[in-house]
Every structure is written in C-alpha cells, then in structure tokens.
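The next block holds one structure in the form of structure tokens; read it before the comments.
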Number of protein chains: 2
Amino acid sequence: MSSDLTEPGTGPTGAAPTLSEVAKRAGVSSITVSRVVRMPDLVAPETRARVERAMRDLGYVPNLVAGALASARTNSVGVLVPTIANSIFADTVQGLSDKLEPLGFSVILAQSRYDAVREDRVLAALLSRRPEAIIMVGSPATEEGSRLLRNARIPIVETWDLPANPIDAVAGFDNYKAGVAVAKHLVAQGRKQLAFIGGDDPRGTRRWFGFRDEALASGLSEPRRLILDRKDSGSVAAHARLPDVDAVFAANDAHAIGFMSGLRKAGLLRDGPASAQPVAVIGLGDLEMGQLISPTLSTISVHGDAIGRTAATLTLERGGERRIDLGFELVLRDSG
Amino acid sequence: MSSDLTEPGTGPTGAAPTLSEVAKRAGVSSITVSRVVRMPDLVAPETRARVERAMRDLGYVPNLVAGALASARTNSVGVLVPTIANSIFADTVQGLSDKLEPLGFSVILAQSRYDAVREDRVLAALLSRRPEAIIMVGSPATEEGSRLLRNARIPIVETWDLPANPIDAVAGFDNYKAGVAVAKHLVAQGRKQLAFIGGDDPRGTRRWFGFRDEALASGLSEPRRLILDRKDSGSVAAHARLPDVDAVFAANDAHAIGFMSGLRKAGLLRDGPASAQPVAVIGLGDLEMGQLISPTLSTISVHGDAIGRTAATLTLERGGERRIDLGFELVLRDSG
DNA sequence: TTGTTTGATGTTAGCGCTAACATGAGGCAA
DNA sequence: TTGCCTCATGTTAGCGCTAACATCAAACAA
C-alpha cells in the first residue's frame with residue numbers, strides 16, 4: 001500500500017524506501033536486493049533486472065548506516081587536520097580523498113584549530129562514528145587523545161612528521177632535518193644573522209630546533225625566533241622586529257611571502273638572484289605562488305598530496321612498512 | 001565474564017564495549033547509560049556517577065552508527081566541493097565546519113573534481129550515509145544529481161552562486177554582477193581592450209557573461225575570453241596569448257597573480273598605482289596573498305567562510321529566508 | 001539410480017542503540 | 001486517606017540492513 005502512494009519516476013512522497021520495499025515490489029526476498037546492490041554477480045540476470053527496475057521505480061538509495069551496523073564496516077575514515085583553510089593540509093586531504101573515494105570510503109573531516117581541547121573532542125566524535133581508520137596531521141596533543149586512538153584498534157596514520165613513537169603508521173618527513181638543511185644552505189651562502197619566523201606548533205618547533213642547532217654548530221650566534229600568531233601574516237610587520245638579520249627561514253611559504261612584502265617596503269628586496277638579496281628568505285611548502293612572485297621564492301618543497309595518498313595506502317594495507325619518509329627538497333630560487 | 005577480561009584503565013582487549021556492557025557493570029539498564037550519554041540531567045547524580053565510572057573503566061566510546069539507525073538522526077552533513085586543494089572553497093568548508101562541529105554534526109567531505117560523472121557518484125554515496133543536509137558549491141551538474149537531491153527530502157544548500165531555480169536554499173553571490181562590476185570599473189578607468197581568463201565552470205562562465213555584456217553595453221568590442229585549464233596557472237603564459245589587451249579580469253586571484261607574473265616578465269608591470277599599469281588586472285577571491293605582492297592586487301572580495309557559515313545556518317533552520325545573497329566587494333588596490 | 005556438486009534464493013537472528021511507553025516510589029494537596 | 005503529580009528507572013520493540021546458515025532445483029558423475 002505504501003508503495004502505491006509512490007509515483008514511479010517522480011520521487012517518493014513519504015519516507016525513503018527500504019530494502020524490503022524494493023524486495024516486495026520485485027517479488028524477491030530482501031537479501032536478494034542486498035545482493036544486487038553489493039554482489040550483483042551472485043544474482044541471476046533476470047532477477048537482477050527485476051530488482052534494478054524496482055529500485056529505480058522507487059528511487060531506492062541504500063542506507064549505509066544500517067548496512068554499517070549490520071556488517072560492522074562503515075567504509076569511512078576519519079581525517080583530522082589543524083585547519084583546512086589557506087593551508088597546505090588541503091592538498092593532503094585532497095590526495096587521500098582521491099585515493100579513498102573510488103574504493104567506496106567516505107572522508108569524515110574534522111579540524112582541531114591547533115587547540116588540544118578541541119582536538120580531543122573531535123577525536124572522540126570521530127571515533128564514535130566508527131571509522132575504519134584515522135588519518136591526522138601531526139600527533140595527538142594530549143595523552144588522552146593518544147589513548148583514545150590506541151584503544152580504537154584501527155589503523156592510525158600520523159602525517160607531516162616522523163614521530164619517534166608513533167601510535168601506528170606514519171607518512172611524513174623529518175621537520176628537524178628540514179631546519180638543518182635550510183641553516184646549512186644559509187651558512188654556506190655566508191649569512192651570519194639568522195632568524196626563524198613561524199608558529200609554535202609541534203612541527204614548526206621541530207623545524208626551529210633543527211635550524212637553531214645547525215646554526216650554532218656552524219659557529220653562528222643563536223638565531224632569533226619570532227613566533228607569529230596564526231593568521232598573523234602580518235608577518236609583513238615581522239621585518240620591523242628583526243633588524244640586522246640577513247637570512248630568514250619562514251615556517252611556511254605564506255609567512256615567507258608576507259615577510260618579503262615587509263622587506264620590499266623597507267627597500268631590502270632585489271629582483272636579482274639570491275646572492276643579490278640583502279636578506280635571504282626561505283619558505284616551506286612550495287606554494288605555486290612562490291614561483292609567480294618576484295623574486296621567486298626559495299623553499300623547502302613538500303608534497304602534501306603525496307602525504308595524503310600515502311596515508312590512504314597505509315590505511316588500507318595492514319602489512320608492510322608502517323613508517324614512510326616522503327622527504328623534502330630544498331628548492332633554490334631567487335629569494336635566498 | 002567478558003568484562004573481566006578488560007583491565008580497567010589499560011584499554012580493551014577485544015571488541016569495543018557496548019552500552020549494555022557498561023550497563024551491566026554499573027548495575028543499571030542500558031537505557032540509563034544511554035541517558036547518561038545524551039541527557040545526563042534525567043539521571044540521578046549517584047546513578048550517573050556510577051555509570052560514568054563504568055564507562056571510564058571500560059573505555060566506552062558510544063557507537064553513533066547504531067544510535068543513528070535507532071533514532072533516524074545521523075548528526076552529519078554532506079559537503080560537496082569541486083576541489084579542496086589550493087582553493088578558496090577550503091574557507092567555506094572551514095566556516096561551515098566551525099559552525100557545525102560544536103553542535104555535534106560531523107562533516108562528510110567529497111570532491112567532484114569538476115567532473116559531472118564523479119559528482120553524481122559521490123552525491124549518491126553521500127546520500128546513502130543519510131546526512132541531515134547537503135551543502136554543495138554550485139549546483140548539480142546533471143539532472144540526475146538534481147533529482148537525487150530533491151528526492152532526499154533534506155535541506156540542500158547551494159553556495160557560491162545564486163541559481164535561478166535552486167533545489168532548496170542558497171548562500172552565495174551574483175557572479176554575473178561581479179563580472180559587470182569589474183567591466184564597469186575598467187571602462188570607467190578608460191580601458192579599451194578587455195579580456196577574461198579563467199575556467200569554464202558554471203560560476204566562472206557567469207562572471208564572463210556579466211563582464212562581456214557590460215563591456216559590449218559600454219560600446220567596447222567583445223572582450224577576449226581565454227579558458228585556462230585547471231591548474232594551468234601557466235596563466236603566466238596567458239599573457240603571450242593576449243597581445244594588445246589593456247585590462248584583464250581573472251576568474252580567481254591565483255590566475256590573476258599568475259598573469260601578473262607574465263606581465264612582469266614582459267615588462268608591463270609597474271610598482272605604481274592602477275593608473276600607471278599598462279595592463280590592469282582584477283582578480284576574484286581576495287586571497288591574503290594579493291595584498292602581499294607588488295603591485296597589490298585589485299580583486300572582487302568574497303567571503304568564503306561567511307558562505308560556509310551561512311550555509312550551515314540554512315542547514316539547521318528550516319524556516320526563514322532560504323536565499324541569501326552575501327554579495328561581493330570590488331576592492332581596488334594597485335593592479336587595476 | 002544415487003549421491004554430490006553447483007547456483008540461486010530464502011530464513012533467521014542480531015548488529016547497538018533509542019523512542020515510546022510502562023512502572024513504581026515518594027511527595028503533596030485536599 | 002485518596003488521588004494525582006513528579007522523578008528516576010525499566011521494558012519492549014524495532015531502526016534497515018547483513019552474516020551465516022538453510023533450502024531447493026537442476027546438472028552431473030559414477
């Protein structure tokens with residue numbers, strides 16, 4: 001009777017049709033409809049055609065919530081990033097999403113906004129949806145978050161870093177070494193007064209340590225470290241706070257470009273090569289934008305989308321190497 | 001017995017604990033545990049404490065999949081964007097996520113990659129998870145996608161545009177008018193040879209139409225239109241294909257900055273004000289970057305995050321205005 | 001013929017939770 | 001005392017699907 005109320009082809013009038021309504025209309029049992037949806041090869045062609053017809057007539061859309069409960073498989077992965085806007089993490093989300101979507105997995109996205117309390121909250125929220133894996137940028141900020149993830153007994157992939165004691169799998173690069181590489185390069189260029197600008201999140205801090213340690217090891221005085229507020233790409237103004245500096249490593253390209261903008265205002269930017277720059281600037285991330293501005297931006301290139309794709313792979317394969325170092329590359333252009 | 005196997009505080013050894021395991025341990029019925037989780041005020045303080053103790057001991061994490069099936073509420077919204085990487089849509093996702101997360105909603109994110117077939121596929125996948133609303137950038141590319149959404153009987157919010165016949169709610173701005181505004185401005189500036197560079201997606205195309213119509217209405221010859229491949233920020237090279245042009249409207253800031261880079265190479269970029277530019281350039285999106293480069297970028301400013309927040313609001317409130325024009329603003333700086 | 005295999009479909013039970021409706025104890029007005 | 005309310009908790013049924021195990025007919029080997 002309720003199916004009588006439904007006009008074929010024009011859409012449902014009431015509640016969404018269920019498997020068993022389709023089954024009734026096709027004159028089969030519901031398990032057969034379920035098979036048509038999930039393992040069509042097991043169903044005889046004529047039966048299948050009848051069922052498909054009934055599904056179309058009713059506008060049937062499978063209910064994966066019910067399916068997930070019955071099968072204990074949600075076909076979803078939780079993804080936790082500090083922030084998605086204006087960030088290179090969007091590349092990572094795109095990469096993993098491109099890899100997972102064709103396999104029928106959905107991405108449940110959450111942001112921590114660099115806030116430990118919020119991180120724990122969204123982590124709990126994610127886990128209560130029973131994702132089959134969690135991919136996160138960085139590592140849990142708290143012991144509680146770490147415990148939650150360990151207890152979940154699902155693949156956990158930490159990215160954008162190479163933590164010493166990962167929960168499970170890792171896809172990232174060595175942020176400390178990136179700092180070292182930049183300092184080495186600047187020292188080789190004859191720079192003397194180094195500075196670091198960026199956030200004080202874990203990964204940025206590791207870059208700072210590498211940068212500082214290498215500078216000190218090379219006999220330079222301790223570099224200055226300017227901790228910028230997030231969104232404080234008023235890093236334009238940062239220059240004013242770093243007089244006498246002749247080389248800057250910015251924790252990301254946006255900060256680098258902002259800083260260069262400050263240099264330009266101060267007349268300290270040349271359109272020539274690195275050697276002509278009164279102040280060398282190196283970024284991190286290799287934003288496309290870095291190649292479009294003048295002078296072009298030297299940077300540590302990191303493949304955000306490869307990190308995402310690799311993380312997705314680690315999510316699906318339980319065996320094999322669980323710690324993948326995707327490396328980085330110092331790309332030298334005109335800014336430093 | 002199975003709870004005997006679980007060592008309190010060290011995490012579960014087997015399957016995740018369920019409501020009724022917690023209930024047994026606390027000596028109450030499962031509905032009471034459910035109430036402690038969802039409506040703690042209804043439970044007597046001592047009982048509540050006992051239940052909370054049991055939850056902690058067992059490391060209980062509620063199963064929202066089961067809860068969603070039982071209550072017919074998933075507390076999730078589906079979000080469909082063309083792409084998340086390097087795009088201003090990330091702002092929109094951040095905005096809506098910031099609004100929805102505190103309310104207990106999760107975001108299920110999908111990308112269409114500007115591909116109609118993929119869009120329909122991910123739309124079906126989203127709907128089968130029974131989100132309580134769908135927020136998408138733009139409108140469905142196909143009739144089939146549109147039908148799916150209409151039949152879903154949930155709030156649907158189309159964003160970043162103001163479609164004439166929306167499925168349900170809308171949060172965006174008038175892309176045609178944006179094109180008109182830019183053309184008007186360039187005409188007033190005395191520019192004669194206009195050009196438009198950008199993609200041929202629906203919204204970009206509407207900007208083009210507004211731009212062209214206004215140029216023609218002002219007595220100029222038809223502007224040139226250069227359709228760039230996505231990721232073809234080889235818009236650097238675009239300049240070579242637009243000789244004699246004295247004003248360009250780029251469908252987004254990234255293209256604009258790429259084009260300016262091409263102009264610089266050709267010696268056609270000045271550090272002075274708009275009036276000094278041999279070729280005026282106007283972007284769209286108001287990336288932070290636009291203020292950091294030289295000359296600073298004139299652009300149509302659009303608040304991606306406000307679009308996201310508004311869309312989230314439209315998702316939650318069924319009554320009230322369903323068509324919200326968030327407008328845009330022509331921000332004039334030095335590029336044109 | 002008889003047993004055995006294969007292919008197609010069905011039956012049953014239950015995933016972990018919640019809505020809706022009891023139940024029962026205590027308080028309190030008349 | 002009676003009736004009626006309020007508060008705290010419980011019972012029952014079922015959300016829509018799938019795993020696991022039947023069932024049964026046809027095909028086929030010995």
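In the text below, chain A, chain B and the rest are named by the order of the sequence lines, each starting its count at 1.
- The side-chain hydrogen bond (donor to acceptor under 3.5 Å, both in side chains) analysis of residues 154-171 of chain A, with sequence neighbours excluded, yields the pairs T92(A)-W160(A), S139(A)-E158(A), D161(A)-N175(A), D161(A)-R206(A), D168(A)-R322(A).
- In this structure the side chain of I156(A) reaches within 4.5 angstrom of the side chain of I154(A), judged on heavy atoms.
- Between the side chain of E321(A) and the backbone N or O of R323(A), at least one donor-acceptor pair lies under 3.5 Å.
- Side-chain contact between L316(A) and F105(A) is present, with at least one heavy-atom pair separated by less than 4.5 Å.
- No side-chain heavy atom of R25(B) sits less than 4.5 Å from a side-chain heavy atom of R53(B).
- Here A72(A) lies out of heavy-atom contact (under 4.0 Å) with every strand.
- Contact check for E132(A) versus N75(A): side-chain heavy atoms found under the 4.5 Å cut-off.
- For the pair R150(B) and I167(B), the minimum side-chain heavy-atom distance is below 4.5 Å.
- Using five terminal pairs a side, the axes of the helix from dT1(C)-dA30(D) to dA30(C)-dT1(D) at its two ends make an angle of 40°, given in steps of 10 degrees.
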Would you list the atom pairs, donor with acceptor, under 3.5 Å between side chains in residues 39-48 of chain A and any protein atom, with sequence neighbours excluded?
from   : atom 1 : to     : atom 2 : distance (Å)
R48(A) : NH1    : P40(A) : O      : 2.7
R48(A) : NH1    : V43(A) : O      : 3.3

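- Rounded to a whole Å, the CG atom of L19(A) is 13 Å from the P atom of dG10(C).
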All N/O pairs under 3.5 Å across the protein-nucleotides 21-23 of chain C interface:
none

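- What you find for R118(B) and Q111(B) is that their closest heavy atoms are NE-O, 3.0 Å.
- One finds a salt bridge joining R147(B) and E144(B) here, because a Lys/Arg side-chain nitrogen approaches an Asp/Glu carboxylate oxygen to under 4.0 Å.
- Checking E119(A) against T142(A) by side-chain atom types alone, no donor-acceptor pair falls below 3.5 Å.
- Judged by distance alone, the side chains of R129(B) and S76(B) never bring a donor and an acceptor atom under 3.5 Å apart.
- Toward the 5′ end of DNA chain D lies the nearest nucleotide of R48(B), the other residue of the pair R130(B) and R48(B) mapping further downstream.
- DNA chain C is contacted by L69(A), A70(A) of residues 62-70 of chain A, taking any non-hydrogen atom closer than 4.0 Å.
- Within the nucleic acid shown, S30(A) has no heavy atom closer than 4.0 Å to any nucleic acid atom.
- In this structure, D115(B) does not pair ionically with R121(B), as no charged nitrogen and carboxylate oxygen lie closer than 4.0 Å.
- On the nucleic acid side, DNA chain D contacts chain A at distances under 4.0 Å to non-hydrogen atoms, with the end points of that region at dG16(D) to dA19(D).
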